[in-house]
Amino acid sequence: AQTVTQSQPEMSVQEAETVTLSCTYDTSENNYYLFWYKQPPSRQMILVIRQEAYKQQNATENRFSVNFQKAAKSFSLKISDSQLGDTAMYFCAFGAGGTSYGKLTFGQGTILTVHP
Amino acid sequence: EPEVTQTPSHQVTQMGQEVILRCVPISNHLYFYWYRQILGQKVEFLVSFYNNEISEKSEIFDDQFSVERPDGSNFTLKIRSTKLEDSAMYFCASSDQGLMGEKLFFGSGTQLSVL
């Protein structure tokens with residue numbers, strides 16, 4: 001079974017600054033994906049970025065990038081030039097093979113607050 | 001961007017009553033999921049559904065739970081006899097091809113309170 005751990009219940013950052021959210025996971029799978037989902041006050045979870053385990057290059061999406069350390073089973077999210085709209089709960093999630101590829105294992109979440 | 005719609009946003013029920021949570025997935029999506037989040041805990045997978053069948057279910061998804069796609073647009077989660085511990089936020093999600101790593105589109109959730 002997979003486990004995902006987010007050790008930072010809350011984080012805060014000043015607008016325009018950079019913040020890094022941590023995530024570690026444990027699995028015996030060789031091929032899998034890792035995700036960061038954002039949950040704003042509207043409650044709808046939105047995909048921020050994803051990383052395939054076989055790809056060594058870290059994924060980037062505009063201001064969002066990841067630091068994927070496969071050997072260490074670490075998957076952190078870096079948000080550059082933080083904006084007020086980035087304020088949300090952020091979930092790290094793991095997805096692998098099996099019967100259903102849509103079965104994700106989530107971490108506990110990190111509440112990020114961006115201050116003006 | 002297309003959205004997954006869930007109704008109602010809040011549902012209050014008495015213990016032992018049946019509830020049906022409703023979801024309208026994105027119209028061309030074929031794979032459907034339910035997740036739940038008990039207050040203060042992780043988001044947990046409940047069930048996945050494809051081609052009118054359950055693809056996979058978790059240990060949480062016992063005999064009191066069922067899912068159905070009654071028509072071409074709705075996807076429902078029924079809890080037959082609610083318990084206090086069923087109080088949670090329930091999220092519906094859908095995806096296009098069910099591929100590994102594919103983006104899941106989530107709804108805004110239904111907050112279920114069992115009294």
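Labels below follow one simple rule: chain letters A, B, ... track the order of the sequence lines, proteins then strands, and each chain is numbered from 1.
Listed by sequence position, the residues of residues 73-85 of chain B in contact with chain A number zero, using a 4.5 angstrom heavy-atom cutoff. Chain A is approached within less than 4.5 Å, heavy atom to heavy atom, by B:H10 from residues 10-23 of chain B, ordered by number.
Of the atoms belonging to A:Q39, it is side-chain heavy atoms, and not backbone ones, that fall under 4.5 Å from chain B. Contact annotation for A:E52: neither backbone nor side-chain heavy atoms come within less than 4.5 Å of a heavy atom of chain B. With a 4.5 angstrom heavy-atom cutoff, B:F91 touches chain A only via side-chain atoms. Proximity to chain A is limited to the side chain of B:Y33, based on heavy atoms less than 4.5 angstrom apart. Both the backbone and the side chain of B:L104 come within contact range of chain A, judged by heavy atoms closer than 4.5 Å. Only the side chain of B:Q37 comes within contact range of chain A, with at least one heavy atom under 4.5 Å from a heavy atom of that chain. In this structure, no portion of B:F32 lies under 4.5 Å from any heavy atom of chain A. Contacts of B:S58 with chain A are absent, with no heavy-atom separation under 4.5 Å from either backbone or side chain.
Other residues, nucleotides and ligands contribute over 12 non-hydrogen atoms within 6.0 Å of the CG atom of B:D62. Within 6.0 Å of atom NZ in B:K103, more than 12 heavy atoms from other residues, nucleotides or ligands are found, so the atom counts as buried in its surroundings. Counting non-hydrogen atoms of neighbouring residues, nucleotides and ligands closer than 6.0 angstrom, the NZ atom of A:K55 reaches no more than 12 such neighbours. Other residues, nucleotides and ligands place no more than 12 heavy atoms under 6.0 Å from the CG atom of A:N62.
When hydrophobic clusters are built by joining Ile, Leu, Val, Met, Phe, Trp and Tyr residues whose side-chain heavy atoms come closer than 4.5 Å, directly or via intermediates, A:I46 is not grouped with A:F91. B:V4 and A:V48 fall into different hydrophobic clusters, where Ile, Leu, Val, Met, Phe, Trp and Tyr residues are linked whenever their side-chain heavy atoms come under 4.5 Å apart, directly or through other members. One hydrophobic cluster holds both B:I60 and B:V67 under the rule that ILVMFWY side chains link at heavy-atom gaps under 4.5 Å. If you chain together hydrophobic residues whose side chains sit under 4.5 Å apart, B:M89 and B:V114 never meet in one group. Each of B:V24 and B:L46 belongs to its own hydrophobic cluster when Ile, Leu, Val, Met, Phe, Trp and Tyr are linked at side-chain heavy-atom distances under 4.5 angstrom.
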Output, in order, the C-alpha distance, side-chain angles, deciding distance and verdict of side-chain contact (heavy atoms from CB on, under 4.5 Å) for B:E3 and A:Q44.
CA-CA 9 Å; B:E3 289 189 350; A:Q44 184 180 34; 4.1 Å; yes
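In this structure, the ring of A:F106 has its center no less than 6.0 angstrom from the ring center of B:F45.
Under the 4.5 Å side-chain criterion, counting only non-hydrogen atoms from C-beta, A:M45 is not in contact with B:S108. At least one side-chain heavy atom of B:Q111 sits under 4.5 Å from a side-chain heavy atom of A:R43.
At least one donor-acceptor pair closer than 3.5 Å links the side chain of B:Y35 to the backbone N or O of A:L104.
The minimum heavy-atom distance between A:V4 and B:K42, with the atom names listed, is O-NZ, 2.7 Å.
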